[in-house]
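A short write-up of the structure that comes next.
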Amino acid sequence: MSSDPVVINLEDVSVYYGDFRAVRDVNLPVHDNQITAMIGPSGCGKSTVLRTINRMNDLIPTARVEGKVVFGGVDLYDPQVDPVEVRRRIGMVFQKPNPFPKSIYDNVTYGPKIAGTAKSEFDEIVESSLRKAALWEEVKDRLADSAFGLSGGQQQRLCIARAIATNPEVLLMDEPCSALDPIATGRIEDLMEEIKTDYTIVIVTHNMQQAARVSDTTAFFTAEVDPASERRTGLLVEHAKTDLIFSNPEDQRTENYVTGRFG
Amino acid sequence: MSDQKPIVPPVTPETQHRVKYHKEVDLLRSDLIRLGAMVIETIPQGTEILLSGSLTNAQSLVDSDDLIDQLSISLEERTYSVMARQAPIASELRHLIAVTKLTAELERSADLMVNVAKASRRMYGADMTPEIRGLIKSMSDEAHKLMRLAVDAYADADESLAAALDDIDDELDQLNRDMIEAIFSAATAGKVELPSAVQLALIARYYERIGDHAVNIGERVRYMISGWLPEQAGAARAKNRAELAKAESDEA
């Protein structure tokens, strides 16, 4: 599907909450310097799958992952793997902008501080991260001000700056624009396009049009319902170039979803 | 008034969003103009082949049409992709619809010049009267001019020029009638064989059709600029007739 090398490979990934299997049998390669979008109706497991990529599901006590998530030749669920290092190399941006109750400057240096980066490098890290997040020009004269004084769109770009300050290889974005207005959304989308030369991006979005606009490949997930328990298990239906998903998808379920006949 | 802010704020690089989308559209536009230039070039080339009887050049024109087809398909595919993925609206939607229509008109025009090249093979060695040769050259020049003006109208978004193409095409239509008459007299006088006469009539038709495609391009450029549709006048007449008929049947 793409000549770019695979950075992360999900192999037969299933996610359980206790006995309940929330997502089953996901096989998904994530290619270098591309934007991979995950779409699908609510409860199809797309956010759950995204969270397996940097072991965020570890924070839920009953959650368990089966299968492999291979990153740099290593299965991230190998017992020897340090989840903190995983999250440094695979950063995340969440649905709602969630800056820390600190200054703009301190938000960006938070990760490098924990990673033990020398303080002398902080100024440079702050400027370069904010520049990459297309926020520098707007905040360079008020770096000491609280991050809460920024608009929602600016806060989300600050969160992106914070995520890239630790120099990750991959950025996971979980509905990064759902709390933003269309202009701020457009800014974030333009930003994604700009930074994908440096990072590999995986984005979960409820907004199908957003996936169509920004991504190189799209993975469509849906849920199957167990008739006895009425519980929903997510699965990956189709993963292909975004052009194909939105013009000539292979699976009828994808066609029904993208044309608005199902979902 | 001069110190007032403009009602419509100016568009600057800082005000632009959806950079990737606009880049894609800009590239479609420049590629369409490039396709236009390629097609325009085929017109004098094909005519030169016909008048000089060069079989080698005839083949190279047929081959170069493959490149035109390739670019046409690429334009069509990319336009559909932008439509499916970027949800274009307003003038940008009309522009993309125009791109698909213009691509088809241009591609077909190039095919007509391939037909001219192929006809020159079929007529190889046959005589043409000086009058017919002159008319072919004039038709070619007119078709060439019309197509160039049509592509200019698109490139410059010039609605007046686009609207004028229909009248400019009258000259080519007249040349077509002159050509048919010249073929008749030459055939009657035994100066042209019947098979050649048929080929020549077809050739005249190919040039005349290129003029029609240029007029169609003009119509689609008008649509792109203002939303005007070529069949609006006819559609309005049909609607009036239907209303009139309904009123009459209601009276009865």
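The sequence lines fix the lettering, A, B, ..., with proteins before strands; numbering per chain opens at 1.
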**OP:** Heavy-atom distances under 4.5 Å only: say whether A:I245 touches chain B with side chain, backbone, both or neither.
**Re:** neither
Subject >> Side chain / backbone / both / neither for A:V258 at chain B, heavy atoms under 4.5 Å >> reply: neither
Original post:
For A:Q209, does the CD atom have more than 12 heavy-atom neighbours from other residues, nucleotides or ligands under 6.0 Å away?
Top reply: yes
Original post:
For B:K118, does the NZ atom sit with more than 12 other heavy atoms under 6.0 Å from it, leaving out its own atoms?
Top reply: no
**OP:** Assess whether atom CD of B:E243 is packed by more than 12 heavy atoms of other residues, nucleotides or ligands within 6.0 Å.
**Re:** yes
**OP:** Count the heavy atoms of every other residue, nucleotide or ligand shown that sit under 6.0 Å from NZ of B:K101, and state whether that count exceeds 12.
**Re:** no
Subject >> Atom of B:R85, atom of A:R213 and distance for their closest heavy-atom approach >> reply: O-CG, 3.4 Å
Subject >> Closest-packed option against chain B by number of heavy-atom pairs under 4.5 Å, given A:G186, A:A212, A:S215, A:A211 >> reply: A:A212
Original post:
Which value, rounded to the nearest 0.5 Å, describes the distance between A:M192 atom CE and B:K20 atom NZ?
Top reply: 9.5 Å
Subject >> Euclidean distance, A:E193 CD relative to B:K23 NZ, rounded to 0.5 Å >> reply: 7.5 Å
Subject >> Main-chain N/O of B:V19 paired with A:D190 side-chain donor or acceptor, under 3.5 Å >> reply: yes
